[in-house]
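What you see is a predicted model, and the numbers here were worked out from it, not measured in a lab. Here, residue 1 is the first one in the sequence, and each next residue gets the next number.
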Amino acid sequence: MEEMQNSGRPYNKLISQEETTEDEPHLPSNQENQVTMSTMRPESNMNRYKLLTASLAALAVILLMVNIGLGVYYNKLSENNIVRDISGEISKLQASYDAAVQIRDEVKKQLAMEISEQQVIKWEHEHQTLRVKDYEKQVEKLQVDIASLKSHLPMIKEGCRHCLPGWSFMSSSCYYFPFSDTFYRTSWNEARQFCRRQGGDLAIVNNREKHLGITRFLTINQDLSRQASQSGFWIGLRDVEEEGVWKWVDGTRLTEGFWNVGEPNNLNNEDCAAVYPKSNPFMSWNDAPCNYNLKWICEMAPRSFG
């Protein structure tokens, strides 16, 4: 019985195993533990993770390389376009610069020509100005000569007439000029008294011919050592009755004067007129105080000879 029992144990075990296998396929506890441990082993999981990580890393590297390649290609395309655009702009700018330089050079040449022409015009203007001044001097001299010649015409027409010794015949009248230092300068009233004692009066210079003849005579005989303020000669003109209304000693009003620039100005109560030797005879009159001491010019009619 014991043997049967002992011999039946394996059978029972087999039966139990088969039943167990048929009913519930389950490994023995030791094998189950072995399978479970082998299935859940960390090394296997790590390898799997490593493989997955390597695959992802490789994919990432590939994607990165593709991205870099595309970026480089795009950059090359962009750089080429930018370079082309910049090259085009540089070409345009260079063309504009060359055109501007050419225009500048042409303008410089034109400016140089204009400056040269202006210099020539300036020289010519200076030359013409000098010529005009010479002509003006010649005209003034001719006017004085004409006036002197005209002053002798009445004497030729009217026959032989003469002036007192020391008097000069001009424009149908006799004039006295006290150039000698024996005659002192005196006031306008005293000068008039001198002329009246000689049978005349202070000169009435009421036309152009008389004025040019007198100023030419004064210029020829002027004393250059004298100051300009002392080189004047009283004439028979004053405005004592009404300021600004100039009258000759015969009572007629002044119609044409030959005043200097800014004259008459009535500075310091200047009521009497004087003539001064000037290079321009048409600006030779000044007004002066009547008590001022100057030379004078007397005038009288010529006398028949014989």
Side-chain angles (χ1 to χ4, degrees), residues 136-137 139-156 158 161-180 183 185-188 190-192 194-196 198-224 226 228-239 246-250 252-261 263-264 270 272-288 290 292-303:
E136 288 176 349
K137 291 179 180 179
V139 168
E140 290 177 3
K141 184 178 181 301
L142 289 174
Q143 288 176 341
V144 172
D145 292 340
I146 291 172
S148 178
L149 291 173
K150 284 184 177 180
S151 67
H152 290 82
L153 289 177
M155 184 179 65
I156 297 173
E158 296 173 5
R161 292 174 176 264
H162 71 283
C163 300
L164 295 175
W167 290 65
S168 300
F169 183 80
M170 292 185 299
S171 301
S172 302
S173 294
C174 296
Y175 294 92
Y176 179 77
F177 300 86
F179 291 113
S180 175
F183 291 93
R185 290 168 178 77
T186 186
S187 66
W188 188 91
E190 291 178 354
R192 187 180 186 190
F194 175 89
C195 295
R196 291 180 123 179
Q198 304 299 318
D201 207 336
L202 285 174
I204 298 175
V205 191
N206 56 0
N207 61 55
R208 182 172 175 272
E209 287 73 22
K210 282 186 178 182
H211 174 71
L212 291 176
I214 289 173
T215 52
R216 179 174 181 272
F217 198 76
L218 291 179
T219 302
I220 293 173
N221 294 279
Q222 68 174 322
D223 186 357
L224 297 177
R226 298 287 182 183
S229 60
Q230 297 179 353
S231 63
F233 288 74
W234 292 121
I235 56 177
L237 183 67
R238 59 181 178 172
D239 66 345
W246 292 86
K247 292 183 179 181
W248 298 104
V249 289
D250 62 357
T252 59
R253 293 185 60 170
L254 174 68
T255 57
E256 181 182 8
F258 304 96
W259 301 102
N260 196 4
V261 177
E263 301 291 340
E270 298 174 338
C272 293
V275 60
Y276 291 77
K278 295 275 188 174
S279 59
N280 184 350
F282 296 96
M283 295 190 300
S284 59
W285 288 7
N286 278 33
D287 59 344
C290 295
Y292 197 70
N293 293 326
L294 292 175
K295 295 285 189 177
W296 61 93
I297 303 173
C298 296
E299 180 182 5
M300 66 184 304
R303 299 177 181 179

What closest approach, in Å, do Gly232 and Leu294 show between heavy atoms, and which atom pair accounts for it?
O-CB, 3.7 Å
Which pair of heavy atoms, one from Glu299 and one from Tyr175, lies closest together, and at what distance?
OE2-OH, 3.3 Å
Looking at every non-hydrogen atom in both residues, tell me the closest pair between Ser172 and Pro302 and how far apart they are.
O-CD, 3.2 Å
Using every non-hydrogen atom in the two residues, find where Arg238 and Trp188 come nearest and quote the distance to one decimal.
NH1-CZ3, 3.2 Å
Does the side chain of Val261 reach to within under 4.5 Å of the side chain of Met283, using non-hydrogen atoms?
yes
Between Pro277 and Ser231 the two heavy atoms that sit nearest each other are CD-O, 3.3 Å
Flag the pair Trp248 / Leu254 as yes when at least one side-chain heavy-atom distance between them is below 4.5 Å, and no otherwise.
yes
Partner residues of Trp259 under the ring-ring contact (aromatic ring centres under 6.0 Å, His included) criterion, sequence neighbours left out
Trp246, Trp285
Do the non-hydrogen side-chain atoms of Ile214 and Ile297 ever get within less than 4.5 Å of each other?
yes
Do Leu212 and Phe282 have side chains that approach each other closer than 4.5 Å (heavy atoms only, starting at C-beta)?
yes
Could you please spell out the steps behind the ring pair (Phe, Tyr, Trp, His ring centres under 6.0 Å) verdict for Tyr176 and Phe194?
CA-CA 11 Å; Tyr176 179 77; Phe194 175 89; 5.8 Å; yes
Any side-chain heavy atom of Arg192 sitting closer than 4.5 Å to one from Asp201?
yes
Between Phe217 and Ser168 the two heavy atoms that sit nearest each other are CZ-OG, 3.6 Å
I'd like to check Ile204 versus Val249 (side-chain heavy atoms, cut-off strictly below 4.5 Å). Are they in contact?
yes
Could you check whether any side-chain heavy atom of Cys272 comes within less than 4.5 Å of a side-chain heavy atom of Trp234, counting everything from C-beta outward?
yes
Just by modelled atom types, is the Ser284 backbone N or O under 3.5 Å from a matching donor or acceptor in the His211 side chain?
no
Distance col, row Arg253:CZ vs Asp239:CG, nearest 0.5 angstrom, shows 11.0 Å
Can you list everything that forms a side-chain contact (heavy atoms from CB on, under 4.5 Å) with Asn207? Sequence neighbours excluded, please.
Glu209, Lys210
Name all residues meeting the ring-ring contact (aromatic ring centres under 6.0 Å, His included) criterion together with Tyr292; count only those two or more places apart in sequence or in a different chain, and write none if there are none.
none
Tyr276 versus Leu218: any side-chain heavy-atom pair under 4.5 Å?
no
